[in-house]
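Here's the structure we're looking at; comments come further down.
Basis for what follows: all heavy atoms, side chains included, without hydrogens, waters or symmetry-related copies. Just so you know, residue 1 is the first one in the sequence shown, and it goes up from there. This one's a predicted model, so the numbers in the text were calculated from it and none came from an experiment.
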Amino acid sequence: MMRSSGIYYKFTSSLLLQGRLILFDFFGVTVVLTATAAFWGLSPGSTPQIKDSSGNGFQRSIASSEKVEIGHMEQWILIRGRDINNPVLLWLHGGPGAAQIPVGRYFNGPLEDDFVVVQWDQRGAGKSNPIGFDEQNMTLEQFVRDAHELTQYLKKRFNKEKIFLIGHSWGMHFGIKVVRAYPGDYYAYVAVSQVVDSARGSKIAYSWLQEQIENRSNQKDIRRLTELGLPPYTDHWTYVKFAKMVEAYGGGIDVGMGKLALIALRAPEYRPGDYIAWLRGANRGSGPMWKATRSFNMFQEVPQLLLPVYFFSGSRDYNTPLQLVEEYLAVLDAPFGKHLVRFDSSAHAPFMGEQKKFNREMVRVKEETYRSP
């Protein structure tokens, strides 16, 4: 299962060697690869050069897909930007397991004009999910250490005093702990679909879901919801069933899985083996972190943030409900500024659902908080 800060998606995958063919199921889309494609899959992938409208590369641009050692294991990052003098933006993807390297550029490529954008396949996700990966290494504390270590690497590599940090859903589940511990490393913190109170979030989602089901008079789903009972759900698989229902009624990801699959499969940064690793990580989801994450409560754990903070939230999101973000923002002690940006046509992934507005708002964050050396 893939946990996207409360929502899980079930994917099936299989690798069948039949003569010259390799088949696997990605987001429900069956993919058939020839032997030639399989050979192509042995390469690590690459990312295209950033070019102007005439097809010429920018002199100070960077476009690099590479592995670095983070937390005593090799992890992959994608670095892209038109000008290396621009500030660095580190993106923490959701899930765990929902690596964004194969889709991030499609939705948010324009950010490369204003930032050096770093997409990171976190441990256990995508290209950073090798065969034999020990999921016991997936702890909140380890993800915080990894993000801090990667931040120091990027600051040193690009000679930056600070960078920007953005994360989606699960990414901000641990990202907010990073900025609380190391506020001096970041110009600003941008939380997209921020987890606030896992237990209350499920109760709000339940009430909304019950209303949606009753409005449609779907007797089958009424019975299913009744069988699940009221939240909070302490059993992992019960929560999975509930979260899938929330997703089915439009409270989750804003782009269909079939479309995401087609976008991802065109990404030159990934090869067939990477997609299979992605699926393994997505199906693992939160793994051993389930018990540690289900009781998360920012009201208690993060009462203060000592840097500018921005919360980007979809009004239709019932994975991480906007209501809780508003309540948290009202009491958060943030002396350097706190802001809420609503995306009224989006649910849990406004960077996909309203990508133009999202990209504009990110540039505004830069304009309000960045001071060039």
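Using the six-membered ring where Trp is involved, Phe311 and Tyr328 have ring planes that are perpendicular, over 60° apart on the 30 and 60° scheme.
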- Can you check side chain to side chain contact (heavy atoms under 4.5 Å, CB included) on Lys366 and Met362, steps first, answer last? CA-CA 6 Å; Lys366 173 187 172 182; Met362 283 301 304; over 6 Å; no
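Listed by first and then second residue, the ring pair (Phe, Tyr, Trp, His ring centres under 6.0 Å) pairs involving residues 120-155 are Phe143-Trp170, Phe143-Phe174, His148-Tyr182 (not counting sequence neighbours).
Atom OG1 of Thr369 is separated from atom CG of Leu307 by 9.0 Å, given to the nearest 0.5 angstrom. Rounding to the nearest 0.5 Å gives a distance of 8.5 Å between OG of Ser61 and CG of Asp83. Arg123 contributes atom CZ, which lies 9.0 Å from atom OG of Ser128 (distance to the nearest 0.5 angstrom). Atom-to-atom distance recorded for Leu225:CG and Asn218:CG is 10.5 Å, nearest 0.5 angstrom.
Applying the salt bridge (Lys or Arg N to Asp or Glu O under 4.0 Å) test to Asp221 and every residue at least two apart in sequence or in another chain returns Arg224. Under the rule for a salt bridge (Lys or Arg N to Asp or Glu O under 4.0 Å), the partners of Glu368 that lie at least two apart in sequence or sit in another chain are Arg364. Residues satisfying the ring pair (Phe, Tyr, Trp, His ring centres under 6.0 Å) criterion with Phe58, sequence neighbours excluded, are absent altogether. Every residue meeting the side chain to side chain donor-acceptor pair (under 3.5 Å) condition with Arg105, not counting sequence neighbours, appears here in chain and number order: Glu269. Under the salt bridge (Lys or Arg N to Asp or Glu O under 4.0 Å) criterion, Glu301 pairs with Lys177, sequence neighbours left out. Checked against salt bridge (Lys or Arg N to Asp or Glu O under 4.0 Å), Asp121 has no partners two or more places apart in sequence or in another chain. Applying the side chain to side chain donor-acceptor pair (under 3.5 Å) test to Arg82 and every residue at least two apart in sequence or in another chain returns nothing. Evaluation of the side chain to side chain donor-acceptor pair (under 3.5 Å) rule for Glu69 yields no partner, not counting sequence neighbours.
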Would you tabulate the side-chain donor-acceptor contacts of residues 183-192 under 3.5 Å, counting partners in other chains and residues two or more places apart, or write 'none'?
{"from": "Asp185", "atom 1": "OD1", "to": "Lys155", "atom 2": "NZ", "distance (Å)": "2.8"}
{"from": "Asp185", "atom 1": "OD2", "to": "Gln152", "atom 2": "NE2", "distance (Å)": "2.9"}
{"from": "Tyr186", "atom 1": "OH", "to": "Thr151", "atom 2": "OG1", "distance (Å)": "2.7"}
{"from": "Tyr189", "atom 1": "OH", "to": "Gln194", "atom 2": "OE1", "distance (Å)": "2.4"}

Listing, residues 202-212 side-chain donor-acceptor contacts under 3.5 Å, not counting sequence neighbours, or none:
{"from": "Ser202", "atom 1": "OG", "to": "Ser198", "atom 2": "O", "distance (Å)": "3.3"}
{"from": "Ser207", "atom 1": "OG", "to": "Lys203", "atom 2": "O", "distance (Å)": "3.4"}

If you look only at distance, which donor and acceptor atoms sit under 3.5 Å apart when one is on a side chain in residues 331-346 and the other is two or more places apart or in another chain?
{"from": "Asp333", "atom 1": "OD2", "to": "Gln304", "atom 2": "NE2", "distance (Å)": "2.7"}
{"from": "Lys338", "atom 1": "NZ", "to": "Leu329", "atom 2": "O", "distance (Å)": "2.7"}
{"from": "Lys338", "atom 1": "NZ", "to": "Leu332", "atom 2": "O", "distance (Å)": "2.7"}
{"from": "Arg342", "atom 1": "NE", "to": "Glu326", "atom 2": "OE2", "distance (Å)": "3.2"}
{"from": "Arg342", "atom 1": "NH2", "to": "Glu326", "atom 2": "OE2", "distance (Å)": "2.8"}
{"from": "Asp344", "atom 1": "OD1", "to": "Ser315", "atom 2": "OG", "distance (Å)": "2.6"}
{"from": "Ser346", "atom 1": "OG", "to": "Glu354", "atom 2": "OE2", "distance (Å)": "2.7"}

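Side-chain atoms of Ile77 and Ile79, non-hydrogen and from C-beta on, do get closer than 4.5 Å to each other. Put simply, the side chain of Asn129 does not reach to within 4.5 Å of the side chain of Trp278, judged on heavy atoms. Between Phe312 and Phe351, the closest side-chain pair of non-hydrogen atoms is not below 4.5 Å.
Few gaps surround CZ on Arg216; more than 12 heavy atoms of other groups in view lie less than 6.0 Å from it.
If you run side-chain contact (heavy atoms from CB on, under 4.5 Å) between Phe164 and each of Val116, Leu90, Val118, Val365, only Val365 comes through.
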